[in-house]
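FYI, the numbering just counts along the sequence from 1. Counting starts at 1 for both ligands and their atoms, following the listed order.
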Amino acid sequence: MTQRIVVLISGSGSNLQTLIDHSQKGDLHGNIVGVISNKADAFGLVRAQNASIPSLVLDHKTFASREDFDLALIEHIDSFKPDLVVLAGFMRILSAEFVRRYQGHLMNIHPSLLPRYKGLNTHQRALDAGDAEHGCSVHFVTEELDGGPIIIQAKTPILMEDDSASLQARVHTLEHKIYPLAVSWFCSGRLRVTDDGVMLDDNCLPSSGFELKA
Ligand code: GAR
C-alpha cells in the first residue's frame, strides 16, 4: 500500500521538491499528502501548491509555549493520517512528547556527517576545523537534538578553494540524493529502527548508516 507522507518545512524546500519529483516519478513508494510550514513566507509552500499538495502554515510565534505549538502541530499532522513524517529544513527543536508520538516514523536531514556538527553553521564549522571531508545525514529522530540513529550519509571532500557557500551547495546536491532514497526504503517496508539499530532489509546498518558512494 502506498505510504502517506507529511513533510514539515521552514524555508526554501529544495528537499521537499526532490521528494515531490520522486513521488511523481513513482519511485518513492509514497505520496506526500500534506506540507506544513511554521513560516508563512517559506518558498516550499509554493512548491507544494504547484504540485497540488495540501499545505498549511502553523506559526510558532502565535503559541505561548513550545509544548502548545507541538500539540497543535500533532493535531494537524494527524489529520493527514501519515505513515511517515519527514523534516525537510524544519528549523524547530521538537518537544519530547512530539518526538515520542512519531518515534520510528519521523526522519530528519542534517547538513553534516553526524555525530559531527549537530546544530547550526555546519559548513563553516567543518571548514574551521580543517576537516578533509563533509557531508550530510538522514536519521530517525529521537529526543536528542540531531542525535537519532543514522540511516544514510553521503560525503564530499573539502577542497582548498571551498568556502561555506560552495560547500553548502555541494552538500545540498548530496541531500537531494540521500533523502529520497531513505524515504523510499521506509515506504517500501525495507527500513526500520529496532533496539539493535537501523535495519535495512535484514542487515543492521553501521552506526554511521549506509554510505552512498559518489
Ligand atoms: C537543508 O540543508 C537541511 O539539511 C537543513 O536545512 C536545509 C533546508 O534546505 N536542515 C537543518 O539544518 C536541520 N538541522 P531546503 O529547505 O532547501 O530543503
If you have a sec, work out which protein heavy atom is nearest [atom] and how many Å separate them, to one decimal?
atom	value
atom 10 (N) of ligand 1	Ile109 O, 3.6 Å
atom 14 (N) of ligand 1	His110 ND1, 3.2 Å
atom 17 (O) of ligand 1	Ser14 OG, 2.6 Å
atom 8 (C) of ligand 1	Gly89 CA, 3.6 Å

Does Glu175 pair with Lys177 as a salt bridge, N-O distance under 4.0 Å? no
With a 4.0 Å cut-off on N to O distance, would you call Asp83 and Arg4 a salt bridge? no
Quick check: closest heavy atoms across Ala51 and Gln24, and the distance to 0.1 Å? CB-NE2, 3.9 Å
Say whether Ile9 and ligand 1 are in contact under the criterion: heavy-atom distance to a ligand atom below 4.0 Å. no
Are Met91 and ligand 1 in contact, using a heavy-atom cut-off of under 4.0 Å? yes
With no hydrogens and no angle check, just 3.5 Å: does a side-chain donor-acceptor pair link Ser208 and Gln153? no
For residues Thr156 and Arg170, is any side-chain donor paired with an opposing acceptor at under 3.5 Å? yes
Passing candidate, ring-ring contact (aromatic ring centres under 6.0 Å, His included) with Trp185, options Tyr179, Phe140, Phe210: Phe210
Atoms of ligand 1, numbered as shown, that sit under 4.0 Å from any heavy atom of Pro111: 4 (O), 5 (C), 10 (N), 11 (C), 12 (O)
Ligand-side contact atoms (ligand 1) for residue partner His172, heavy atom cut-off under 4.0 Å: 1 (C), 2 (O), 9 (O), 15 (P), 17 (O)
Are any of the N/O atoms on Glu175, whether in the backbone or the side chain, positioned under 3.5 angstrom from an N/O atom of ligand 1? yes
Short N or O distance, Gly13 and ligand 1, threshold 3.5 Å exclusive: yes
Between Gln168 and ligand 1, find which residue part has any heavy-atom pair under 4.0 Å and reply side chain, backbone, both or neither. neither
Is it the case that Arg192 places NZ or CZ above or below the six-membered ring of Phe186, under 6.0 angstrom from the centre and within 45 degrees of the axis? no
Joint hydrophobic cluster, Val85 plus Val33, side-chain heavy atoms closer than 4.5 Å: yes
